[in-house]
Each structure stands twice: as C-alpha cells, then as structure tokens.
Amino acid sequence: MKLNMFISKFIIHSLACLCAVGMMFGSLAGKVIAEPVELVFHHWGVTPTEGFEAYAKERGMDVILKEKAVYTDLVSFFDGLRTNAPDVTIVYNAILQADDQKLVKLLLSVEEGRLENFENIDPDVLEIARAMDVIEGKRYGVPLQTGMQTILYNADRVTSPPSSWNVLWASENQGLVSVFGKSEPEWVPGIALLVLGYPPESAYNMDIEPNIDWGRVKGKLLELAHNCGDFYPNFMPDPESIRNMDYVFAKDFTVRSINQSGQNWKIGRPREAVEGWVDDLYLGRHLKDQPEKLQAAYLLIDYILTDTIQKQIYNNSGFAPATSSAKEQLREEEHDDVRLEPRFYQSVELIQPFNTRTMNYYRWIWTKAVQKAGKNL
C-alpha cells in the first residue's frame, strides 16, 4: 500500500516537472519563432533610413533593413524584381508604363488604407501621378518625391526669375547658358519644340504631332548650340563650370549640390511648360505570400512619408517632398523654392517614357547641331 502511494506521488511529481519543462521550452520556442524580419530595400542612396528600425520597433515589429544603392532603370528594375531581390524599391513612375506595362506582373498593388501617412501626400502630386501609378483601378506606386526638368538661374547674376525657355536663346545670354551634353542629350530637342509651340508630349514622342517642321526644329537647336557656353557631360552640371553662367537647363534637384559649392542658384518656372516626374515606392509581388515582411514593407513606406524624412530628403538631396505637410513646414522655415508653393504641381506636365525611335533621333539631331556650331559635347 505504502509502495503504491509512493509510486503515485512520484508519477504526479514527474508529470508536474514535465509540464514545467514543457512550458519553459514552449516559451523559448516562441522567442525563436519571433525572429527579426529582414527587409530588402533598393534605392539611390539618398533616402534617409537610419531611424527606420527603431520606428518599426515602436510599432511592434523587429525589422532588419538590408539596403542596396542601385540605379533602377528599366532593365535593372525588371531584372531585380524578377529574381525577388528587392522587397521595396524606388524608381520614377514612367517606367511602369514602359514596354506595355510588363513590370506590373512583378509588383504587388498597394492598399492605401494600410498607410497611415498616405493622406499627407499632396493631392496635385497624386493627380499628375495617377496615370502612371494606377492601372485598372489598382495602385502600384506610392509617391515619394518629385523632380522636373527646368531652368536654373544664377541669382547672384540674374535679378529676375526667367519666365520663358526663350532666355536660353536670347542673344544677350550668349556664352552664359549650359545644357545637357553627353549624358541625356535627348532632353534638349524637347525644349526647342516647346519654344516653337508644339505640345509638351512631343518632347518624348516625336510621332504625337504629325506636322512637326523638323527643319525649323534643327535650326532652333543650332541657335541654341551657338548660344551655349557649356555642355555638361554627366547627368548634373559641374558647379565650377557654371560659376560664371546665368542659366542652366537641368534637373531641379541638382540645385542643392551646386549651392553647396557656395553659389546661389534658384529654380525657374517657364510659362510654356515644365516637365516633371514622380519617384515612387513599389512593393515586390513576392510579398503577397509573406505577410510579416509585407507589413514591414508598409511600415518602411509610412516611415519615408513622415514629415521628418520628407524634409531630410529635401534638405539633403534637393528632391521636392511628396507630402503637403512637409512642404508647409519648409515654407514656414522660409525656403525660397517655387516647388513648395501650394498647387504648383497643377502646372507640371508628367514625363512619359521615351520610345526608342524618338530617343535616338533626338540624341542625333542635338549632337549634329552642336557639331555644326563647331563645338563638342
């Protein structure tokens, strides 16, 4: 009898110990399951992300951000997404429409309601980007920042902002103008077409207007080539080469790096048209089967849309922010920049993808004009 009671107590005690051990290992197993989520972000190296992991942790997610700085043109963007390399990536949104929208099948559509800061995006930016970002009723791109091709003017030498592209042709500005050279020369014929009264769409599609007088366009380009004192060879002007220039045809964000050299350049707004683009954040389609990583991706986009990061993008790289709230704060800080004005983007024409024929022809006619003027790109 005593032996039976001893055995019973021993069994009960053993079961209790086993339960305790099971609970302990169950707890440890729970910690192993909750491993950090690794999120891969491809961008151009100018998007501030230092505080993202802390931002995610405050919202209940442990995320390790893996970053790679890449130039996401159509080929690299497509190849990267095809191999599931980036979870989130940046590219200007015209690429989404290139090659019959072949990229769409590699992207995951965005649920706007999952982004707390989506409502802060400038409505005019959303509107001009809609034709690119929304396909068959689904949103694929989330505006991050904006840019445009415009006239920069040297405010230490020019008293009034330029109101027309015609200043690049004015005889009094001979030798005081700089434009695209070996890098992206295809943009130059577009402004000649604008000055001659052709529609903005002709800047990237020569077939949009069947009655273009190409002899007149070539003559206008020759005039411009004679007037130029500099053709910058890279995608942005060299600050020292333009120090004594008055006007530069360039991307707007380059004004930031130019002014860091001690100069005082500002952004103009020609009345004919300003052609711009919207840089978007995109989700890789492979995230649809990875809910935790997808949630981390939404957190990253939300983080980049915060006023703090939007202002950092503007101050560090020169891109205009996409959110109205960040623009308002920057205006209050007395930044003199037309891009921060309310409703500015109502007057911006969204750049479309070049077709190959147009790009090659525009490069050729600008190169020939420069050569005919006795100069070299």
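All residue numbers refer to positions in the sequence shown, counting from 1. Since the structure is predicted, the reported quantities are computational estimates derived from the model, not experimental observations.
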**Request:** Considering only NZ, NE, NH1 and NH2 on the basic side and carboxylate oxygens on the acidic side, decide whether Arg331 and Glu341 come within less than 4.0 Å.
**Result:** no
**Item:** Greater than 12 external heavy atoms within 6.0 Å of Arg216's CZ
**Value:** no
**Item:** Sequence-distant partners of Asp213, salt bridge (Lys or Arg N to Asp or Glu O under 4.0 Å), two or more places apart
**Value:** none
**Message:** Taking salt bridge (charged side-chain N to carboxylate O under 4.0 Å, His left out) as the cut-off, I'd like each qualifying pair that reaches into residues 343-362, sequence neighbours left out, listed once.
**Reply:** Asp124-Arg343, Asp207-Arg357
**Request:** Report whether Ile121 and Tyr314 are members of the same hydrophobic cluster (ILVMFWY, side-chain heavy atoms less than 4.5 Å apart, transitive linking).
**Result:** no
**Item:** Spatial distance of atom NE2 (His226) from atom CG (Leu224) [nearest 0.5 Å]
**Value:** 10.5 Å
**Prompt:** Are Leu107 and Arg285 close enough, and set up right, to give a side-chain contact (heavy atoms from CB on, under 4.5 Å), and what steps lead you there?
**Reply:** CA-CA 4 Å; Leu107 298 173; Arg285 191 175 185 85; 5.6 Å; no
**Complete:** Residue set satisfying salt bridge (Lys or Arg N to Asp or Glu O under 4.0 Å) with Glu184, at least two apart, ordered chain then number -> Lys251
**Message:** Centre-to-centre under 6.0 Å for Trp187 and Phe354, is that the case here?
**Reply:** yes
**Prompt:** When you look at Asp133 and Asn93, which way does the side-chain hydrogen bond (donor to acceptor under 3.5 Å, both in side chains) test go after all the steps?
**Reply:** CA-CA 7 Å; Asp133 294 345; Asn93 65 357; 3.2 Å; yes
**Glu136 atom CD, neighbour heavy-atom count above 12 within 6.0 Å** = no
**Request:** Tell me yes or no: between the side chains of Thr323 and Asn120, is some donor less than 3.5 Å from an acceptor?
**Result:** no
**Message:** Taking the ring of Phe249 and the ring of Phe180, is the distance between their centroids below 6.0 Å?
**Reply:** yes
**Message:** Between Leu152 and Leu194, is there shared hydrophobic-cluster membership here, with clusters defined by ILVMFWY side-chain heavy atoms closer than 4.5 Å?
**Reply:** yes
